[in-house]
Amino acid sequence: MSATPVDLAHLQQWVGRSESREQHLDPFPARALAGLLDREQAHGDGDALPLPWHWLYFLDAPSREGTGADGHPKRGGFLPPVPLPRRMWAAGELTLHEPLRLGRAARKTSTVRSVELKQGKAGALVFVTVAHELEQDGRPRISELQHIVFREAPAAPAPLPPGEPAPTDATWRRALRPDAVMLFRFSALTYNGHRIHYDRDYATREEFYPALVVQGPLLATLLLDLAARERPGSQAAHFSFRAQRPAFDTDELHLNGRLNADGAALWTSDAQGFIGMNATLRWR
């Protein structure tokens with residue numbers, strides 16, 4: 001059982017809480033991400049924003065006082081104040097109705113959909129699901145479900161979770177090493193202050209990871225980028241992903257995919273041959 005008490009009834013008072021924000025979609029973040037991905041795309045006003053590049057926009061900007069020791073915003077406010085210290089974007093689902101266009105204003109409305117408490121091997125787990133609806137010019141553009149998990153922090157180094165062997169029938173393959181510079185740049189673009197992605201001492205000494213942790217959204221972005229490279233001109237209609245095992249900056253990362261009847265299966269794998277993130281893609 002978890003050493004941290006969790007008042008589920010209190011946390012569930014956040015279900016239904018909603019917030020909206022509007023932003024002009026400046027082309028610069030898209031051009032910066034294209035550079036990070038080694039893509040020769042000169043994004044400008046009027047161009048379609050690829051999925052899931054909307055993650056570069058509508059960002060939280062907490063004050064220093066409103067930032068926790070781990071670099072995340074302090075708990076409370078829009079998200080429920082879950083007392084468990086470790087937070088992870090565990091999975092997500094995205095549906096593209098119509099691409100967002102750069103150089104125009106867009107609106108994002110976020111709603112806390114559910115708060116659930118479960119028991120894992122290491123203690124309590126709190127799952128928070130947030131629904132995001134993005135619109136532009138009065139029309140729906142993207143619907144998204146974000147699944148966040150909160151859990152206890154380990155008191156000492158612990159082995160990684162058991163790995164699931166990755167499929168060996170990939171028809172698309174790409175290897176890269178997500179070094180510290182790449183992680184820092186992606187954190188900067190998404191205004192993600194979580195120190196496990198750029199502060200090696202914190203990641204290894206405070207949270208007991210073996211190295212810097214590759215961001216889950218970066219892995220999802222790289223998988224969609226793999227599909228875009230293999231099927232240029234195709235447009236994603238639906239994309240879902242689930243993180244299974246962390247990836248680190250000290251290891252080579254393998255991006256894999258294969259076509260299926262509905263679209264494509266995508267996954268990352270590590271040097272040991274284990275799946276890191278699993279994803280599915282359906283084209284328009």
Side-chain angles (χ1 to χ4, degrees), residues 33-34 36-39 41 48-56 88-100 113 125 127 129-132 134 141-149 160-178 182-183 186 190 213-249 251-284:
L33 182 57
L36 179 65
L37 298 175
D38 290 326
R39 304 286 278 175
Q41 295 162 296
L49 190 67
L51 206 66
W53 293 24
H54 64 284
W55 290 341
L56 307 180
M88 174 187 173
W89 188 344
E93 304 169 42
L94 300 94
T95 300
L96 179 69
H97 308 294
E98 188 178 348
L100 289 164
R113 179 73 61 85
L125 300 169
F127 292 86
T129 297
V130 181
H132 304 288
L134 286 78
R141 300 298 178 117
I142 298 171
S143 297
E144 178 176 2
L145 288 178
Q146 179 183 7
H147 304 288
I148 306 167
V149 62
L160 293 177
E164 176 185 344
T168 58
D169 58 347
T171 53
W172 304 337
R173 297 181 181 87
R174 184 179 178 223
L176 60 85
R177 186 173 294 276
M182 184 180 200
L183 270 56
F186 190 79
T190 55
V213 181
V214 182
Q215 300 93 330
L218 175 55
L219 295 174
T221 301
L222 288 168
L223 286 175
L224 274 170
D225 180 63
L226 173 70
R229 291 170 185 266
E230 296 291 341
R231 290 284 297 267
S234 298
Q235 190 175 79
H238 185 268
F239 177 70
S240 62
F241 64 93
R242 181 169 64 91
Q244 296 184 208
R245 185 179 171 90
F248 303 102
D249 74 315
D251 299 327
E252 188 173 67
L253 177 68
H254 299 269
L255 308 171
N256 310 277
R258 68 168 182 271
L259 291 171
N260 56 32
D262 297 324
L266 302 165
W267 65 95
T268 69
S269 56
D270 59 22
Q272 290 73 45
F274 295 126
I275 292 177
M277 176 174 284
N278 240 331
T280 60
L281 169 64
R282 188 176 71 248
W283 280 288
R284 294 173 69 87

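Worth saying up front: this structure is predicted, and the values here are computed from it rather than measured.
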Which heavy-atom pair separates [X] from [Y] by the least distance, and what is that distance?
| X | Y | value |
| --- | --- | --- |
| Val214 | Asp249 | CG2-N, 4.2 Å |
| Leu224 | Ala236 | CD2-CB, 4.5 Å |
| Asp38 | Arg229 | O-NH2, 4.0 Å |
| Arg282 | Asp262 | CG-O, 3.2 Å |
| Leu183 | Gln215 | O-NE2, 2.9 Å |
| Met88 | Ala243 | CE-CB, 3.4 Å |

Enter the distance from [X]:[atom1] to [Y]:[atom2] here, rounded to the nearest 0.5 Å.
| X | Y | atom1 | atom2 | answer |
| --- | --- | --- | --- | --- |
| Leu281 | Asn260 | CG | CG | 8.5 Å |
| Asp225 | Leu255 | CG | CG | 8.5 Å |
| His254 | Leu176 | NE2 | CG | 9.0 Å |
| Leu49 | Leu56 | CG | CG | 7.0 Å |
| Leu100 | Leu51 | CG | CG | 9.0 Å |

Is it the case that [X] and [Y] place a side-chain donor and acceptor less than 3.5 Å from each other?
| X | Y | result |
| --- | --- | --- |
| Asn256 | Ser269 | yes |
| Glu93 | His238 | no |
| Ser143 | His97 | yes |

Assess the pair Trp89 and Trp55: is the distance between their ring centroids shorter than 6.0 Å?
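Judged by ring-centre distance (under 6.0 Å), Trp89 and Trp55 do meet the cut-off.
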
State, yes or no, whether a side-chain contact exists between [X] and [Y] at a heavy-atom distance under 4.5 Å.
| X | Y | value |
| --- | --- | --- |
| Arg245 | Ile275 | no |
| Leu253 | Met277 | no |
| Val130 | Arg113 | no |
| Gln235 | Leu96 | yes |
| Pro167 | Trp267 | yes |
| Phe127 | Thr129 | no |
| His54 | Glu144 | yes |
| Leu259 | Arg231 | yes |

May I ask you to decide whether Asp251 forms a salt bridge with Arg177, counting only side-chain N to carboxylate O separations under 4.0 Å?
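Salt bridge absent between Asp251 and Arg177.
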
Walk me through it: do Ile142 and His132 pass the test side chain to side chain contact (heavy atoms under 4.5 Å, CB included)?
CA-CA 8 Å; Ile142 298 171; His132 304 288; over 6 Å; no

Determine the sole option in Thr280, Thr221, Leu266, Leu94 for which the side chain to side chain contact (heavy atoms under 4.5 Å, CB included) test with Phe241 is passed.
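Going through the options one by one, the only one that passes is Leu94.
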
Do Arg258 and Trp172 form a cation-pi contact, if we require the NZ or CZ to be under 6.0 Å from the six-membered ring centre and within 45 degrees of the ring's axis?
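Relative to the ring axis of Trp172, which defines the angle, Arg258 lies outside at least one limit.
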
For Phe186, all residues meeting ring-ring contact (aromatic ring centres under 6.0 Å, His included), sequence neighbours excluded:
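Partners of Phe186 by the ring-ring contact (aromatic ring centres under 6.0 Å, His included) criterion come out as none, since no residue qualifies.
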
